[in-house]
Amino acid sequence: MRTQNTVSPGTNKEASRQTEVAWIPCRRDCLVVILIFAAAFVAYALIWPQAPLQSLDSPTYMRLAREIKAGNITELPLRTPGFPILLILTGSEAEPTRLLFYVSLFLHFTATGLLAYLLYRLGIDRRLILAMVLIASLPPYLEASAFADSDNLCGFMVVVTMVSAAFWRMSGRRTLLWIFAAGALATALVRPTYQFLVLAMAAAVFAAHLAGIGKGGSLLKLTKAMAVPILVSVCGLGGYAAYNYARFGYFDVSAMTPYTLSTKTASFVECLPDEYSDIRQILMQHRDRELLTPFEDHTAQKYIHRAMPEIIQLFGNDQVRALLAVKRANIYLISHRPMSYLIESLKSLTTYWLPMEYGLSNGDSAVLRAFWAALQMAVVFLLLSLAIVMAGGAAIYLGLRIWIRLSPSLLPRTTNQLVTYLLGMTIIGYSALISCFAGMGIPRYRVTSNLVILACCLLGLTLFWRLITYLGALIKRSEA
């Protein structure tokens, strides 16, 4: 019988450095971060006097905000109520106010501060944390705050969800578990893309536990704990969907599902059978017209917004029947042409990682535009490169545990870094896959996870160094 060996990736000297850090950072570091945030807040308030601007989606959010305020939702809304509630609180249900812009800036800096504190508690180098704070304060990462759209609020809730989940796994405190649960539900109510995020994060937590990474305890105890955020999301989202069904006859958190699915089937909508002939004719007509529209991207992914009013007329102005018919048509296309659907989704997966620009940060300067694009591409390249390396490191780790019964002994701080990195990458991967396989997958959808991407780059760099140290120790042990 083989004996179980242990290899520690760190020396005694390194272990002594991985002592518990203080709960509160040193006064100088806190002052530097606060000054950066304050200077950036004042600067953007001065250089963007026109903020907040309206996006193409703003009118639908403001309409729902007005209906919620009046207590009379007249038809099935396209949007979820998370962002409209913020519009009401800032008096922006009729016209975006300056207060909305200030609140959005505050939410962005608060999210950055939460991530900075999490990284500090994880023992990440203070210089790296300062670099993240500076990058997060640059225009490309702040532009979403200047628009009356859900991107900024959703990004804040994503950070709250990740940070609370990471601290819960480190400390086991039940209060943090409930904050994690509330954050996941709030994120989904702001952006329906994230309505299954809690399941993805639960899978990541269980995977880390089964791999022997993270806080100890029985699997049963962990299952009971994870039932809290899952049940909170199921009850919250299910209750809201049930309200929509009772009021409008449509069981979903919003009416966007048929619209988003239609972006994946635009290129093969003519494959609908004759039972959908009326819908097919309308969809093809608007799809072909959109393909030839000047100054558009000629992909026709947005054609459904022009086609839907005519389809609703086809069903006697019954919005719910029209939405259900379009959803069934899309499900038929996806199930009968899976490769076409896969090709369209993979196309989106490539454009998803491209630089995002709203226009404010460029100032009509080609040089600035190229610089901001290069910065965003560098961050994405670093993230994906480190993810590949860490995946290889995970394979080595699991191989040592399973095949040759060699159990690497990870220091507590490294374990916490690994768990947090896994949670962050789960959020990033989930957002990318859902956005691309159930939506347009444009770079704007990545904005909600931009701050998490920066944090995972720092965690990845730190863990990469740990991996090199560990492999060096393993090679020395094998040669001894």
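Along the sequence shown, the residues carry numbers beginning at 1. From a predicted model like this one, the values you see are computed outputs, not experimental measurements.
Between R66 and E93, no side-chain nitrogen of the basic residue sits less than 4.0 Å from a carboxylate oxygen of the acidic one, so the salt-bridge criterion is not met. A salt bridge links E75 and R63; the closest N-O separation between the charged side-chain nitrogens and carboxylate oxygens is under 4.0 Å. Using a cutoff of 4.0 Å between basic side-chain nitrogens and carboxylate oxygens, K302 and E290 are not scored as salt-bridged.
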The test is side chain to side chain donor-acceptor pair (under 3.5 Å); show your working for D151 and T448 and say whether it passes.
CA-CA 6 Å; D151 297 344; T448 58; over 6 Å; no
Between S431 and Y194, is a side chain to side chain donor-acceptor pair (under 3.5 Å) present by the stated rule, with each step listed?
CA-CA 7 Å; S431 176; Y194 289 100; 3.2 Å; yes
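Ring geometry for F248 versus Y243: interplanar angle over 60°, hence perpendicular rather than tilted (30 to 60°). Ring geometry for Y245 against F251 counts as perpendicular: the plane angle is over 60°, on a 0 to 90° scale with 30° as the lower cut.
Environment of CG in L56: sparse, with no more than 12 heavy atoms of neighbouring residues, nucleotides or ligands closer than 6.0 Å. Open room surrounds CZ on F464; 12 or fewer heavy atoms of other groups in view lie less than 6.0 Å from it. Atom CZ of F196 has 12 or fewer heavy atoms from other residues, nucleotides or ligands within 6.0 Å. By the neighbour-count criterion of 12 heavy atoms within 6.0 Å, atom CZ of R369 is sparsely surrounded, having that number or fewer from other residues, nucleotides or ligands. Atom CZ of R173 has 12 or fewer neighbouring heavy atoms from other residues, nucleotides or ligands inside a 6.0 Å radius.
In terms of modelled atom types and a separation under 3.5 Å, the side chain of S335 and the main chain of Y332 share a donor-acceptor contact. Between the side chain of Q376 and the backbone N or O of P140, no donor-acceptor pair lies under 3.5 Å. R79 places no side-chain N or O within donor-acceptor distance of the main-chain N or O of S58, the cut-off being under 3.5 Å.
Taking the centre of each ring, H108 and F156 stay at or above the 6.0 Å mark.
Figure legend: cation-pi geometry between R287 and Y303 absent, as NZ or CZ is not positioned both under 6.0 Å from the six-membered ring centre and within 45° of its axis.
Among L189, V234, V253, the one residue that satisfies the side-chain contact (heavy atoms from CB on, under 4.5 Å) test with Q195 is V253.
One finds the CG atom of L197 at 11.5 Å from the CG atom of L185 (value rounded to the nearest 0.5 Å).
Side chain to side chain, K264 and S340 fail the donor-acceptor criterion of an N or O pair below 3.5 Å.
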